[in-house]
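All residue numbers in this chain count up from 1 along the given sequence.
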Amino acid sequence: MKIAVTGGTGLLWQALIEEIMFQEPEWEIVSLSRSDPPEQQRPFWKRLDVSDLTATRNLITRINPDLVIHTAAIRSPDDCERDPEAAFKVNFLGTRNVALACDRFDTEMLMVSSDQVFYGVANKKLHREWDKPKAANVYGQTKLLGETYVREHLRRWWIVRTAKIFGGPNDRTSFINMASLSLMQDKPINVVKEWASHITHAKYVSQGIIAAVKKKTYGIYHLVSPGVPSYWDVGEYLAESMGKPKSMLTAVSQKDLHLPAARAEYLSLSNETWKADFDGPLPAWQQGIDLFLSERSTKAKR
């Protein structure tokens with residue numbers, strides 16, 4: 001099986017490639033990105049800006065993959081809000097261009113999307129895979145446009161929605177990574193107490209993507225670890241696991257951060273379809289943090 005994966009420098013991309021190589025070493029992988037990948041990935045990497053329609057069509061046609069896994073995106077809601085034109089070009093047009101390339105030979109496509117397609121829908125609601133989305137920020141709106149195009153123009157597709165992802169070899173920006181670094185250096189951490197979201201280790205999302213691809217169950221899946229912890233819950237669990245005092249956490253309000261993009265305080269995704277097809281949920285978010293700490297060779301103290 002030949003797979004092309006866009007987004008060749010992202011957190012999920014790196015974890016996904018490693019998981020594919022571990023589980024399915026016979027699969028042929030071609031990595032696509034507009035920026036240079038890690039040195040060890042160069043042998044199977046090709047440069048591609050997915051916002052360029054002609055280049056995307058031509059390169060994917062030449063590769064002729066059985067499946068394209070599309071992870072490329074501008075993922076920061078605040079960056080999208082500051083530059084909506086760039087977000088539209090990458091998150092929507094980039095997705096459309098990949099879908100058009102896949103449509104030429106009925107190639108399978110898996111798009112990685114976001115819980116933020118539901119921002120703007122009432123808080124405290126459990127959002128199911130088949131519920132109608134409504135986004136409140138540019139990031140969510142552009143991802144939703146991409147979702148709609150894939151659903152309406154392709155025959156064999158998956159849309160995988162996830163939320164906050166962390167862990168793996170390429171995690172430099174997640175809250176958990178930055179908080180753990182501060183704790184290791186005995187530096188205090190400001191934590192937004194009212195935010196709550198699914199957090200999922202990139203390895204678990206990658207395993208879910210591979211399972212869906214192998215089972216050929218096309219459609220929408222919510223790939224998230226169970227539970228909707230607040231950032232405060234996550235900070236406390238991280239501090240306890242690292243043997244650090246919880247007094248190192250300081251509660252702040254999201255209003256204090258003056259962020260450009262609107263954010264829901266609480267967002268929960270149902271994964272009923274996933275559980276029905278794969279006999280259970282992904283591992284819990286606490287297990288994900290434990291795995292993260294193991295990866296970072298941090299001594300967890302209970």
Side-chain angles (χ1 to χ4, degrees), residues 10-12 14-16 18-19 75-79 114-116 119 123-124 126 139 162-208 222-269 271 280-302:
L11 185 159
L12 178 59
Q14 185 71 31
L16 178 60
E18 290 205 351
E19 194 63 28
R75 297 175 183 83
S76 165
D78 296 321
D79 287 348
S114 169
D115 62 345
Q116 293 189 50
Y119 280 4
N123 285 345
K124 303 295 183 182
L126 182 65
Y139 174 65
T162 188
K164 301 292 186 296
I165 303 176
F166 68 96
N170 206 28
D171 183 358
R172 300 182 185 90
T173 59
S174 75
F175 168 74
I176 291 172
N177 182 65
M178 292 187 290
S180 66
L181 289 174
S182 293
L183 288 169
M184 280 192 290
Q185 298 166 14
D186 293 321
K187 295 179 180 178
I189 308 169
N190 290 332
V191 181
V192 179
K193 202 163 188 177
E194 63 263 37
W195 279 351
S197 172
H198 294 280
I199 63 165
T200 311
H201 196 289
K203 182 180 182 71
Y204 301 155
V205 178
S206 300
Q207 290 171 339
H222 290 170
L223 278 184
V224 291
S225 286
V228 188
S230 68
Y231 274 46
W232 189 263
D233 295 332
V234 172
E236 285 193 322
Y237 186 85
L238 194 57
E240 180 183 351
S241 298
M242 296 177 66
K244 299 293 183 177
K246 296 178 183 178
S247 59
M248 293 179 66
L249 309 179
T250 301
V252 297
S253 169
Q254 64 170 315
K255 295 178 181 178
D256 299 331
L257 304 181
H258 305 291
L259 298 172
R263 285 165 167 79
E265 291 184 355
Y266 179 98
L267 191 55
S268 178
L269 297 182
N271 53 8
L282 300 186
W285 63 267
Q286 295 93 334
Q287 289 179 250
I289 292 180
D290 294 343
L291 175 58
F292 172 88
L293 293 173
S294 175
E295 290 171 336
R296 297 301 189 272
S297 299
T298 303
K299 294 181 180 180
K301 298 179 181 178
R302 301 288 180 181

Steps toward side-chain contact (heavy atoms from CB on, under 4.5 Å) verdict (His198, Asp115) | CA-CA 9 Å; His198 294 280; Asp115 62 345; 5.7 Å; no

OG (Ser241) and CD (Glu236) are apart, to the nearest 0.5 Å, by 11.5 Å

Atom pair CD1/OH of Ile165 and Tyr204 - distance to nearest 0.5 Å = 13.5 Å

Interatomic spacing from CG in Asp233 to CH2 in Trp285 - rounded to 0.5 Å | 5.5 Å

Measure the shortest side-chain to side-chain distance between Pro229 and Ile199 over non-hydrogen atoms and say whether it is less than 4.5 angstrom.
-> yes

Show the numbers, then the answer: is there a side-chain contact (heavy atoms from CB on, under 4.5 Å) between Leu282 and Val224?
-> CA-CA 7 Å; Leu282 300 186; Val224 291; 5.7 Å; no

Mark yes or no for whether Ser294, through its side chain, and Asp290, through its backbone, hold a donor-acceptor pair below 3.5 Å.
-> no

Do side-chain atoms of Thr200 reach the backbone of Ser225 as a donor and acceptor pair under 3.5 angstrom?
-> yes

The reported gap from CD in Glu19 to CG in Leu12 (rounded to nearest 0.5 angstrom) is 11.0 Å

Atom pair OH (Tyr237) and CD1 (Ile289), whose distance is rounded to the nearest 0.5 Å | 6.5 Å

Would you say the side chains of His201 and Glu295 form a donor-acceptor pair under 3.5 Å?
-> yes

Worked check of side-chain contact (heavy atoms from CB on, under 4.5 Å) between Phe175 and Val191 = CA-CA 9 Å; Phe175 168 74; Val191 181; 4.2 Å; yes

Please determine, by modelled atom types, if Ser230 and Glu194 share a side-chain donor-acceptor pair under 3.5 angstrom.
-> no

Mark yes or no for whether Asn170, through its side chain, and Gly10, through its backbone, hold a donor-acceptor pair below 3.5 Å.
-> yes

Short question: side chain of Ser174, backbone of Phe166 - any donor-acceptor pair under 3.5 Å?
-> no

What do you reckon, are the aromatic ring centroids of Tyr266 and Trp195 less than 6.0 Å apart?
-> no

Does some side-chain heavy atom of Asn271 sit less than 4.5 Å from a side-chain heavy atom of Leu223?
-> no

Give the minimum heavy-atom separation between Met178 and Arg172, together with the two atoms involved.
-> CG-O, 4.1 Å

From CA spacing to verdict: side-chain contact (heavy atoms from CB on, under 4.5 Å), Leu269, Thr162 = CA-CA 8 Å; Leu269 297 182; Thr162 188; over 6 Å; no

Spacing of NZ belonging to Lys246 relative to CG belonging to Leu183, to within rounding of 0.5 Å = 12.0 Å

Side-chain heavy-atom pair Ile189, Met248 within 4.5 angstrom cut-off | no

Any idea which heavy atoms bring Pro226 and Ala284 closest together, and the distance?
-> CD-CA, 4.0 Å

For residues Pro77 and Tyr139, report the shortest heavy-atom separation together with the two atoms involved.
-> CA-CB, 3.9 Å

Validation row: Leu267, Ser197 side chains within 4.5 angstrom (heavy atoms) = no

Can you name the residues that form a ring pair (Phe, Tyr, Trp, His ring centres under 6.0 Å) with Tyr119, not counting sequence neighbours?
-> none

Side-chain contact test, heavy atoms from C-beta onward, threshold under 4.5 Å: evaluate it for Leu238 versus Ser180 and give yes or no.
-> yes

Look at the side chain of Asp171 and the backbone N and O of Gly167, then say whether any donor-acceptor pair between them is shorter than 3.5 Å.
-> yes

Grab the two heavy atoms, one from Val192 and one from Tyr231, that are nearest each other, plus how far apart they are.
-> O-CB, 3.3 Å

